[in-house]
Amino acid sequence: MNDLSVYAAAGILLFFIGLYALFFRRQLLSKILAANVMGSGVFLIFIGLVKQPGQSTDPVPQAMVLTGIIVTLCFTAAAIALAIRLKELNEEHHSATRPEDDFG
Amino acid sequence: MTGLYLGLSLLLLATIVLGLVRILRGPTAADRMLAAQLFGTTTVAILLLLGQATSNQALWDVALVFALLTAIAAIAFVRRDLEPEQNKKEDGDVSA
Amino acid sequence: MTLLFGHLIDLLLAVSLTVLAWRLLATSDLFKATVLFIAFGLLMALAWVRLDAPDLALAEAVIGAGITGVLLLTALRHLDSGARVARMSGRSGRRSLRVLLPALGIMPALLVLLCLSSPHIRSTAGLTASVIERLDQIGTDHPVTAVLLDFRAYDTLLETAVLLLAVVAVWSLHPVRPIFSPEPISPAQRGLLRLLLPVLIMTSLYLFWRGSHAPGGAFQAGALLAAGLLLLLLSEQRLPGRWSGMFLRLLLAGGFMIFLLVAAGALVGTGTLLDYPGGGASWLLLSIEAALSLSIAALLATAVIGGRPSDRSTEFPPRRKDPAGEEG
Amino acid sequence: MFLRDATTCLLLLAAASFFLAGLVGLLRFPDVFCRLHALTKADNLGLGLVCIALIIQADSWHGAVRLLLTWFLVLVSGATVAHLIARKALQQGQTPWRNR
């Protein structure tokens, strides 16, 4: 057992917690957060398994995770924009099918 | 000395973990935001201590960046626009 | 003693990250989930510090704890009450997903056991040695920067393309809405901004400069600048209409375009895409980095604002009309 | 040398007590306005003590300047944010707690 393996283990758990939430949560924002948590889990596994105790961390996975963190933010922004649009369309749909509500 | 630095950062980390109870319990949104803000300060202290313990100057840069950005989430919180929810409630009242 | 404290910190961090993820995904109060996610970002930054990756800690500090918080808090307004997946296909789909539940329980347990028990899982030497060996051929002393801009420059080039695509996607969905409340901001906030912003820009430059020989670099500097831009927007400062047209678009695409130009130039000069000529590498890397920083700052900030600038004559993002003024 | 280390030890222990006090305040105070004190007073003072303890140990002046700058930024941000959150809470109609 290595002292830094706990991070990789936590990463695995984060990935599966996120996967579970992605499947079974209804709210879209929860699903987006779930995908974010899964991403963090993958990053933790990546760096946690690479790190050798007493040495500096391998720069190649570091660079890849750095890219990943920034891409995750943009993914989140795009996903939120989609979710907002979806909600708008739903509301338009509902008000179109039940016009009496608008005059009530 | 290194033991002291690490021990204190462990203690501070424990205060963050216990402080999470306040975010979980609330009761108001302001309480939750306030607790998150408090964690920012504690994290800066942990980073400074860890930087001294490992004599890695880069961690003080991380602490400086944290210090710059502790305010941004709270500012976004207070600038948040709560209008639509209120409108919705009024609409509900009218239709009821 | 020192070692024991280190182990305890690692253990506490790993456990609290897991519990935090579980709590934030289990709650149906979206505001609570958002604040928990900000705290999650803080702890992730600490985890990167413990894993000896200060570059990642810097990026996580700016993005995880700063920009994502702003993004989620402004999005909550539109998503708070509704935005669920439609029910139509929901029932049967969810029931068939339940078949996966045992797998979702057993798989992580097995993997965690494997990860904690097997010492051979990390037997390879890694790429550190080969990166450091070739470091003096490149115009930078910091291994991570070298990997980003030289060895794996393809990744970085495509990353900027992905960021650009994300902004295009956001812009194609809807025109920008007013994102903040019309009530006057507190003078204290204005004072804080006046104090923070210069320090923030200086820190960003400092990180940019540090990137050539120590943790820091174009990405962290760009992200920090983006946070500064958001801080400005949160305090009633807006981009005037004449700047949100061609100027903004050039800024967004600039980093990708310059990177692509250099790549194509290398293709013509040396016959290989992204193979920089030996002598000018340092100068070339610096110009690419500068363009990337500015582009990333603009890209992240526009992605967070969400929505395309609608009209050339209005400010970006637009002002919300004061409800009191409308009545009067 | 011994004196320097001893001072650092004392300052760090004092800092720990302030952070613990802040935690107790965060968990036990009755409402937002009281809890804001934990944020603005106890924790910022604790951070200040940590900074001074580390400045005593610092071997270069720019390290010390960076520490002071960090503390100053947190102090200013903390004070402003406390004001902003209190203002927002009042606007949302929370009434400050009174001991009856």
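Predicted, not measured: the structure shown is a model, and the values here were computed from it. To find a chain, count down the sequence lines: A is the first, B the second, and so on, and within it residues start at 1.
- Atom-to-atom distance recorded for D:Thr80:OG1 and C:Gln189:CD is 9.0 Å, nearest 0.5 angstrom.
- With contacts defined as side-chain heavy-atom distances shorter than 4.5 Å, the pair C:Val199/D:Phe72 does not qualify.
- Shown here is D:Phe18, whose CZ atom has no more than 12 heavy atoms of other residues, nucleotides or ligands within 6.0 Å.
- Counting heavy atoms of neighbouring residues, nucleotides and ligands inside a 6.0 Å radius, atom CZ of D:Arg28 does not exceed 12 of them.
- A distance of 9.0 Å separates CG in C:Leu200 from CG in D:Leu73, rounded to the nearest 0.5 Å.
- Taking OG of D:Ser77 as the start and CG of C:Leu196 as the end, the distance is 5.0 Å to the nearest 0.5 Å.
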